[in-house]
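Worksheet: one structure, shown below.
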Number of protein chains: 2
Amino acid sequence: MPTNETALNLVDGLFQVSFLLQERLSRIAAAHDLSIVQVRLLAILRDREPGMLELARHLGLKKSSLSGLVDRAAARGLVERLPSPADGRAAHIRSTPEGRKLSRIIERRVGKELAPLLETLSPTERDHFLGALGQVLSAAGKRK
Amino acid sequence: MPTNETALNLVDGLFQVSFLLQERLSRIAAAHDLSIVQVRLLAILRDREPGMLELARHLGLKKSSLSGLVDRAAARGLVERLPSPADGRAAHIRSTPEGRKLSRIIERRVGKELAPLLETLSPTERDHFLGALGQVLSAAGKRK
DNA sequence: TATTGTTATACTCTATAACTATA
DNA sequence: TATAGTTATAGAGTATAACAATA
């Protein structure tokens with residue numbers, strides 16, 4: 001069954017690439033004293049000011065886990081808590097200029113490190129690759 | 001520059017898929033009271049009996065980090081330490097039958113959960129996808 | 001009562017530095 | 001001296017459960 005064979009190898013290859021990306025990102029983040037989850041936090045806050053619950057959902061965390069995460073980011077001046085005008089219980093989280101700057105630095109650095117890994121692919125191959133990734137995300141409901 | 005555009009989207013798409021995989025794996029592992037790193041540990045031990053340093057290198061960890069990791073896995077009866085006959089300082093780590101069984105269960109479960117995400121791709125698309133992943137790994141030096 | 005968020009507590013994971021035992 | 005591994009210690013990240021304040 002060659003089809004199943006490919007499917008199996010695909011799962012394997014996907015995880016190998018996934019771990020590769022996580023390692024690279026982790027190393028780059030660590031060079032700026034950040035963890036992967038802090039990088040994700042800053043990335044989300046680049047175009048949003050969500051509440052704690054919404055942020056927890058985006059990151060797949062419990063709200064209590066997020067409290068500490070935001071505490072540590074806030075202590076470093078990367079994010080700040082804003083009281084919600086509409087709801088006295090709620091807080092909105094906003095990244096500071098320094099937080100956004102750091103996020104951009106990380107993003108650029110990651111792009112620069114990963115570019116060589118993609119340059120061996122022809123433009124056509126890249127298009128197909130991107131298409132396949134899109135289909136996977138779509139099938140997972142991560143894209144409309 | 002459409003080529004750079006695709007490259008940028010590719011990095012983005014790769015990370016989206018990567019986080020998707022990590023979340024799925026994490027959830028499946030957690031259902032068996034395992035972390036991702038414990039799953040990786042058991043996977044490595046499926047066909048090897050490495051020493052602590054070699055294991056640390058495979059996992060990208062410091063040897064001291066590995067001590068605790070192996071401690072916890074051993075306490076659950078998933079792995080065991082064997083004295084090295086050749087070197088009195090060294091230990092070899094071996095997975096127990098239960099550890100190997102658990103590793104197979106996780107692997108099957110992951111395959112079953114991810115299969116639907118790949119079924120939307122045609123056999124040809126899968127081949128191309130697998131080829132692209134292989135090229136990325138190759139460029140990263142993760143493959144000969 | 002229900003919801004938003006924090007706090008208390010406990011555990012895993014990781015690192016650095018110091019240590020033990022063997023080579 | 002050098003190497004394989006453990007231990008001590010510290011901090012991040014996560015979860016559950018209990019709590020406070022507001023809706």
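Numbered from 1 within each chain, the chains take letters A, B, ... in sequence-line order. Not measured: the values here are computed from a predicted model.
- Note: CD (Glu54(A)) to C1' (dT4(C)) measures 13 Å, nearest angstrom.
- Atom CG of Leu55(A) and atom P of dT6(C) are 11 Å apart (whole Å).
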Item to complete: Decide yes or no on side-chain contact (heavy atoms from CB on, under 4.5 Å) for Met52(A) and Ser67(A), but give the supporting numbers first.
Response: CA-CA 8 Å; Met52(A) 293 292 281; Ser67(A) 283; 4.0 Å; yes
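- Here Ser26(B) pairs with Ile36(B) under the side-chain contact (heavy atoms from CB on, under 4.5 Å) rule; sequence neighbours left out.
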Discussion item. Under the criterion salt bridge (Lys or Arg N to Asp or Glu O under 4.0 Å), I'd like the reasoning laid out for Arg109(B) against Glu113(B): C-alpha separation, chi angles, the key distance, then a yes or no.
Written reply: CA-CA 6 Å; Arg109(B) 190 74 199 293; Glu113(B) 276 216 16; 3.5 Å; yes
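- Here Leu66(A) lies out of heavy-atom contact (under 4.0 Å) with every strand.
- Distance Asp71(B) CG to dG5(D) P: 13 Å, rounded to the nearest Å.
- The CZ atom of Arg24(B) lies 5.0 Å from the CG atom of Leu117(B); values are rounded to the nearest 0.5 Å.
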Worksheet item: Reading nucleotides 16-23 of chain C from the 5' end, what letters show protein touch, with B for base, S for backbone sugar-phosphate only, - for no heavy atom under 4.0 Å?
Response: BB---BBS
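- Between the P atom of dG5(C) and the CG atom of Leu53(A) lies a distance of 5 Å, rounded to the nearest Å.
- The distance from atom CE of Met52(A) to atom C1' of dA20(D) is 15 Å, rounded to the nearest whole Å.
- Distance, Leu69(A) CG to dT6(C) C1': 14 Å, rounded to whole Å.
- In this structure, Leu59(A) atom CG and dA12(D) atom C1' are separated by 15 Å, rounded to whole Å.
- Here the straight-line distance linking atom CG of Leu102(B) with atom CG of Leu42(B) works out to 6.0 Å at 0.5 Å rounding.
- Each of dA12(D), dT14(C), dT6(D) was ranked by its minimum atom distance to the side chain of Arg72(A); first place goes to dA12(D).
- Heavy-atom minimum distance, Ile93(A) versus Leu45(A): O-CD2, 3.6 Å.
- For His128(A), the ring pair (Phe, Tyr, Trp, His ring centres under 6.0 Å) criterion is met by His128(B), not counting sequence neighbours.
- By the side-chain contact (heavy atoms from CB on, under 4.5 Å) test, Lys62(A) pairs with Ser64(A), Ser65(A), sequence neighbours left out.
- Near DNA chain D, defined here as any heavy-atom distance below 4.0 Å, the residues from residues 19-51 of chain A are Ser35(A), Val37(A), Gln38(A), listed numerically.
- Here Glu54(B) pairs with Pro50(B), Arg57(B), His58(B) under the side-chain contact (heavy atoms from CB on, under 4.5 Å) rule; sequence neighbours left out.
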